[in-house]
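Labels below follow one simple rule: chain letters A, B, ... track the order of the sequence lines, proteins then strands, and each chain is numbered from 1.
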Protein chains: 2
Amino acid sequence: MADASTHGHGPARRATIIDVAQRAGVSSATVSRVLNGNYPVAGATRDRVHAAVDELGYVVNAHARALAGTSNRTVGIIVHDVVDPFFAHIARGVERAASEAGRLCMVCCTHGDPQRELAFVDLLHEQRADAVVLVGGAHQDRSYAREVARRARGLHAGGARLVLCGRPSVGQGVPTLSVEYDNEGGAFALTDHLLTQGHERILYLGGPPRLSTTHDRLAGHRRALALRGVPTAPELVHTGAFSPAFGHRRLAELLSSGLEFSAVFAANDMVAIGALQALEEAGLRVPDDVSLVGYDDVPAAATLRPRLTTVRVPLEEMGRQAVRIAVPDAEAEAWRPPAEGGVRLGTHIVVRDSVAGRAGRAGRSRR
Amino acid sequence: MADASTHGHGPARRATIIDVAQRAGVSSATVSRVLNGNYPVAGATRDRVHAAVDELGYVVNAHARALAGTSNRTVGIIVHDVVDPFFAHIARGVERAASEAGRLCMVCCTHGDPQRELAFVDLLHEQRADAVVLVGGAHQDRSYAREVARRARGLHAGGARLVLCGRPSVGQGVPTLSVEYDNEGGAFALTDHLLTQGHERILYLGGPPRLSTTHDRLAGHRRALALRGVPTAPELVHTGAFSPAFGHRRLAELLSSGLEFSAVFAANDMVAIGALQALEEAGLRVPDDVSLVGYDDVPAAATLRPRLTTVRVPLEEMGRQAVRIAVPDAEAEAWRPPAEGGVRLGTHIVVRDSVAGRAGRAGRSRR
DNA sequence: GTGAAAGCGCTAACAA
DNA sequence: TTGTTAGCGCTTTCAC
């Protein structure tokens, strides 16, 4: 029952390539060759080796293999939280592309802690991942950026790549690859949409204050406001977490404080979910009484009632691109890193049912 | 710019422990001891080593370390899809517990393909993961179970563990660990709840036919029916995917076919999301015209309108337990595998707003 | 407190 | 087509 070998006999030791070689009556080099299938070996020999492998329950040791030269074919991905759909979709893209490139994917969760993030980059470097993908907004802090840059250089020196996915570069000349999306542009378009509908008092809700994502979305929002000559009102900006809980709690507070606004720009769809709940509980109808928009276009956005107007971000594609630009394809011999060191994907607003015209209390109502 | 070393000088080669040793004027053994901090080393020596490490940008090679003896401290998890909340929450539990136990987490996605699943178990074994967690329902097939059993033995022989999380054992004497939840019981309770509300024609919708999860939920459903003497009607059972798309499409077809039923038991919350949409589109109100229940209690269940009555499954806790029973704690010396070889967690129904009494067309309506 | 040296299991020249 | 052998980078006795 607790026997170490399949047959319950022999020493409690894992079979090695040498064991297989002896059993098959060949050398370890031959075993290696049949296992890797990258070198001609006689059919009969190959069969004997395979038989020995099966009999011994031999499983190649990826560490020994990696040590001996060939990369161990893994990529690492660092996210805040695998459950958050924003990260989950990017992670799915990374996993799929990695898998297609014949690589295993190591996932780390920081829960938003920059120190953990750095520690994970180190850990992944130790594991000799071919690429490390850093996902989502970056903590805006110079010394932090310096630490990231240092690790990017270390990874690069070892032939690996640090990929910045959805966050800005950490500086000129730092050897990173990047996958960006038009964050500022999406926020601009969304705010412009709201303005076009007659909203001028727009509450901006959520997003960690010192996160690059928040910075960019807010920048787009303000640019749209400025372009229409709408004054920015400090009391209308309330940053915070990227969660339903924050959206719900803060909006409920604001509502009972008597703050006036006709639309809510939730920093992402999760915040919008909480905001919608707060609005409902206050007896306000969306979009008749208050309009609401989100960001990211995660599946939940289309499930909400009213269906949420939001900005589409090509999350899964970002994940795919991150590994595509960092590691050679499985079969493709002719592969070189992208000239530009990165790709930039577009975003676009998707209009659904959560926005109505300002003067339109009697406006669109569902059913 | 493309220099391999931090300073742009010297050979394009990664620093090794030998380089550090030379630079610090000590032996590699001493460097190893300093780095692992598991052996007394003079303060001054330690400082010199750390300085050399920094100057060289040295990063220990986890493969060499793993080869030389100490486990490489990783756990693997195999799921269908990281985006599906069912798997995402379990994955989060696994990642957290692994992280707390000082381990890295390798995530693999099978997209429901049993062959891929087996291949990933092999890959993870090759990586010498301390534990491999197989998540979610199992494909019900004898030869498949045999393959899993074979791998469980192989892993076990190498000192690693295969953990079955949310799926039945693959046979007596097969060295696996398991984390189960009361799947059948949850389905029983849910159906009983529906029956109590007067529903007798209950449509069972979704869940891959040859998956153990489907088997168990259907079993609980049927047991509840039988207990009340309600005949099972084959035309009321429609298995399929675990997705909103399936729930939507199939229910729409069924609705237009004229099939009669007063409640829908969606095999999971995702199916319920699609079902709700189909119901809405058909002009049917939930729960006034038709009652609807889901399973799993993922966050979306509470976001739907009406809020979905469903069965709470302790997903994240299942993930945590999976690694807890399989690997020693970070600091805990005194650790031994659970005597029983597994844990079993409870489920319970959470009643929200998607079920109304059969006779109650005029019954509860929101607001 | 520190060093020398023997592996860990595999791959990849280089020979035969 | 197959065998021999020298490492890959680290940990860990065993001496000193």
Side-chain angles (χ1 to χ4, degrees), chain A residues 11-50 52-53 56-73 123 125-128 154 157-160, chain B residues 11-50 52-53 56-73 123 125-128 154 157-160:
Chain A
R13 189 178 61 79
R14 254 182 233 261
T16 74
I17 197 172
I18 304 272
D19 301 325
V20 176
Q22 289 175 343
R23 178 142 196 149
V26 299
S27 73
S28 68
T30 298
V31 176
S32 174
R33 295 197 266 255
V34 340
L35 260 30
N36 291 301
N38 53 2
Y39 223 80
V41 173
T45 310
R46 188 167 37 231
D47 292 346
R48 288 215 312 288
V49 169
H50 278 136
V53 164
L56 261 28
Y58 170 75
V59 176
V60 63
N61 184 325
H63 299 305
R65 180 177 271 178
L67 230 207
T70 72
S71 125
N72 97 317
R73 306 185 73 76
L123 217 49
H125 186 167
E126 288 179 10
Q127 299 288 331
R128 296 300 187 261
Chain B
R13 188 177 62 77
R14 252 182 234 261
T16 73
I17 197 171
I18 303 275
D19 300 325
V20 175
Q22 288 175 343
R23 179 142 195 150
V26 299
S27 72
S28 67
T30 298
V31 175
S32 173
R33 296 198 262 254
V34 170
L35 262 30
N36 290 302
N38 53 3
Y39 219 81
V41 173
T45 311
R46 189 167 37 231
D47 293 344
R48 289 215 311 287
V49 169
H50 279 134
V53 164
L56 261 28
Y58 170 75
V59 175
V60 64
N61 184 325
H63 299 306
R65 181 176 270 179
L67 228 208
T70 72
S71 126
N72 96 319
R73 306 187 72 77
L123 217 48
H125 187 166
E126 289 179 9
Q127 299 289 330
R128 297 300 186 258

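For B:N36 and C:dG1, the CG to P distance is 17 Å, given to the nearest whole Å. Separating the CZ atom of B:R73 from the C1' atom of D:dT11 is a distance of 15 Å, rounded to the nearest angstrom. Residue A:N72 contributes atom CG, which lies 13 Å from atom C1' of C:dC10 at whole-angstrom precision. Spacing between atom CD of B:Q22 and atom C1' of C:dA4 amounts to 15 Å, rounded to whole angstrom units.
A donor-acceptor pair under 3.5 Å is formed between the side chain of B:R14 and the backbone N or O of A:G158. Judged purely by atom type and a 3.5 angstrom limit, B:D19 uses its side chain to pair as donor or acceptor with the backbone of B:T16. A donor-acceptor pair under 3.5 Å links the side-chain atoms of B:R48 to the main chain of B:A24, judged by distance alone. B:N61 places a side-chain N or O within 3.5 Å of a backbone atom of B:H63 that can act as its donor or acceptor partner. Panel note: side chain A:R33, backbone A:Y39; no donor-acceptor pair is recorded below 3.5 Å.
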Between the protein and nucleotides 6-9 of chain C, list every N/O to N/O distance that falls short of 3.5 Å.
{"unit_1": "C:dC8", "atom_1": "O2", "unit_2": "B:L67", "atom_2": "O", "d": "3.4"}
{"unit_1": "C:dC8", "atom_1": "O2", "unit_2": "B:A68", "atom_2": "N", "d": "3.3"}
{"unit_1": "C:dG9", "atom_1": "N2", "unit_2": "A:A64", "atom_2": "O", "d": "3.4"}

Identify the pairs formed between an N or O of the protein and an N or O of nucleotides 14-16 of chain C at a distance under 3.5 Å, and give each distance.
none

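B:S32 has no side-chain polar atom (N or O) that falls below the 4.0 Å cut-off from OP1 or OP2 of D:dC10. Contact annotation: B:T30 does not reach the phosphate of C:dT2 (side-chain N/O to OP1 or OP2, under 4.0 Å). Side-chain N/O atoms of A:S28 include none lying less than 4.0 angstrom from OP1 or OP2 on C:dC10.
At the heavy-atom level, B:A42 lies under 4.0 Å from the strands shown only through sugar-phosphate atoms.
Considering only heavy atoms from C-beta on, B:V59 comes within 4.5 Å of A:R128 through its side chain. With a 4.5 Å cut-off on side-chain heavy atoms, B:V53 and B:L35 count as touching. A:V49 is listed as a side-chain neighbour of A:V26, based on a closest heavy-atom distance under 4.5 Å. The shortest distance between side-chain heavy atoms of A:R65 and A:R73 does not fall below 4.5 Å.
Closest to the side chain of B:V26, out of D:dG3, C:dT11, C:dG3, is C:dG3.
In terms of position along DNA chain D, the nucleotide closest to A:P40 lies nearer the 5' end than the nucleotide closest to the other residue of the pair A:P40 and A:A29.
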